[in-house]
Amino acid sequence: MDNKKMVKCKACGEDIAKGVKKCVHCGKDQRSFFMKHKILTGILVLILFAAIGGAMGGEEPDIAEPTAVMEKEPATEIEPVAEAEQVTEVEQPKESDVPREYESALKKAETYSKTMSMSKLGIYEQLISEFGENFPEDAAQYAIDNIKADWKANALKKAETYSKTMSMSKLGIYEQLISEFGEKFTEEEAQYAIDNVKADWKTNALAKAKTYANTMDMSNAAIYEQLVSAYGEEFTAEEAQYAVDNLE
């Protein structure tokens, strides 16, 4: 046989015909790995070609997509901020945060001051009294802290009322103004009222004397004592004497 057509067996080394699948001497398969596994070899070839093609021409998808995402992120962050600012601008101030009861207490305090010329303490106690307005203490205090009133002017009006309607003495009015059982003005406010009230104290003493004489049939001496007494009308001796001397 032509030597060019003979090859050595890969296993036993004997001469065998070129291209045979098995050695006739030892039976060893003479085909290479790729020839014995043609299907697997085909798959490997396809994978190799795909890898080479990806390395040479597949760059743009991986680079373009992250870049596009990065460009959009700032816009996404700005939109919520803009919306929040817009909401803040639209919000309107709420109505007064002062509780309704506080405002009601203040209105009541103003009424007592304007129509009855009451003192600060007198109004406060009237607001919280269970027999008065029955407001809670914090509401009453809010009213006193926020009321606009001239307490000296109120004391003066009260003094004028006591003089005109009850014919009281100067000292009697003063003590009524500061008494905790009376008007509860401060001493300064009461003194202002007494210093500025326009009253004729002798005329007041005479009016009181006539009341005692006509309604209680008292003697002149008893009337005099009642007029000057610290437990009575508290007129001066001069004012009381004037009253007794002018009784009819």
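Index from 1, following the sequence.
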Trainee: Going by heavy atoms in the side chains, are Gln176 and Met168 under 4.5 Å from each other?
Mentor: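 Answer yes - side chains close enough.
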Trainee: Hey, are the side chains of Asn204 and Phe235 touching, using non-hydrogen atoms and a 4.5 Å cut-off?
Mentor: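 Side-chain contact under 4.5 Å: yes.
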Trainee: So, do Leu247 and Ile223 sit near enough that their side-chain heavy atoms are less than 4.5 Å apart?
Mentor: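 In contact.
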Trainee: Could you tell me if the side chain of Tyr174 sits less than 4.5 Å from the side chain of Leu177, heavy atoms only?
Mentor: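 No, every pair of side-chain atoms sits at 4.5 Å or beyond.
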Trainee: Would you say that Ser129 contacts Glu133 through its side chain, given a criterion of any heavy-atom pair below 4.5 Å between the two side chains?
Mentor: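 In short, these two side chains do not touch, never coming nearer than 4.5 Å.
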Trainee: Give me each pair satisfying side-chain hydrogen bond (donor to acceptor under 3.5 Å, both in side chains) with a member in residues 219-230, each pair once, sequence neighbours excluded.
Mentor: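 Counting only pairs at least two positions apart or across chains, the side-chain hydrogen bond (donor to acceptor under 3.5 Å, both in side chains) contacts touching residues 219-230 are Tyr212-Gln226.
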Trainee: Mark yes or no for whether Ser169, through its side chain, and Glu234, through its backbone, hold a donor-acceptor pair below 3.5 Å.
Mentor: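 Yes, the answer is positive, given that a donor and an acceptor are paired below the 3.5 Å cut-off.
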Trainee: Inspect the contact between Lys202 and Glu238 and indicate whether a charged nitrogen and a carboxylate oxygen are less than 4.0 angstrom apart.
Mentor: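 Salt bridge: yes.
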Trainee: Hey, does Ile173 have a side-chain heavy atom less than 4.5 Å from the side chain of Trp201?
Mentor: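 Yes, their side chains come closer than 4.5 Å.
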Trainee: Considering only NZ, NE, NH1 and NH2 on the basic side and carboxylate oxygens on the acidic side, decide whether Glu248 and Lys210 come within less than 4.0 Å.
Mentor: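 Not counted as a salt bridge, because no side-chain N and carboxylate O are separated by less than 4.0 Å.
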Trainee: Just by modelled atom types, is the Ala109 backbone N or O under 3.5 Å from a matching donor or acceptor in the Ser113 side chain?
Mentor: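 Answer holds: no.
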Trainee: Ignoring hydrogens and angles, write down the donor-acceptor pairs under 3.5 Å from the side chains of residues 136-144, residues two or more places apart or on other chains.
Mentor:
| from | atom 1 | to | atom 2 | distance (Å) |
| --- | --- | --- | --- | --- |
| Asp138 | OD2 | Tyr102 | OH | 2.9 |
| Gln141 | NE2 | Asp145 | OD1 | 2.9 |

Trainee: Are any of the side-chain heavy atoms of Glu188 and Lys152 separated by less than 4.5 Å?
Mentor: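 Heavy-atom side-chain distance check passes, below 4.5 Å.
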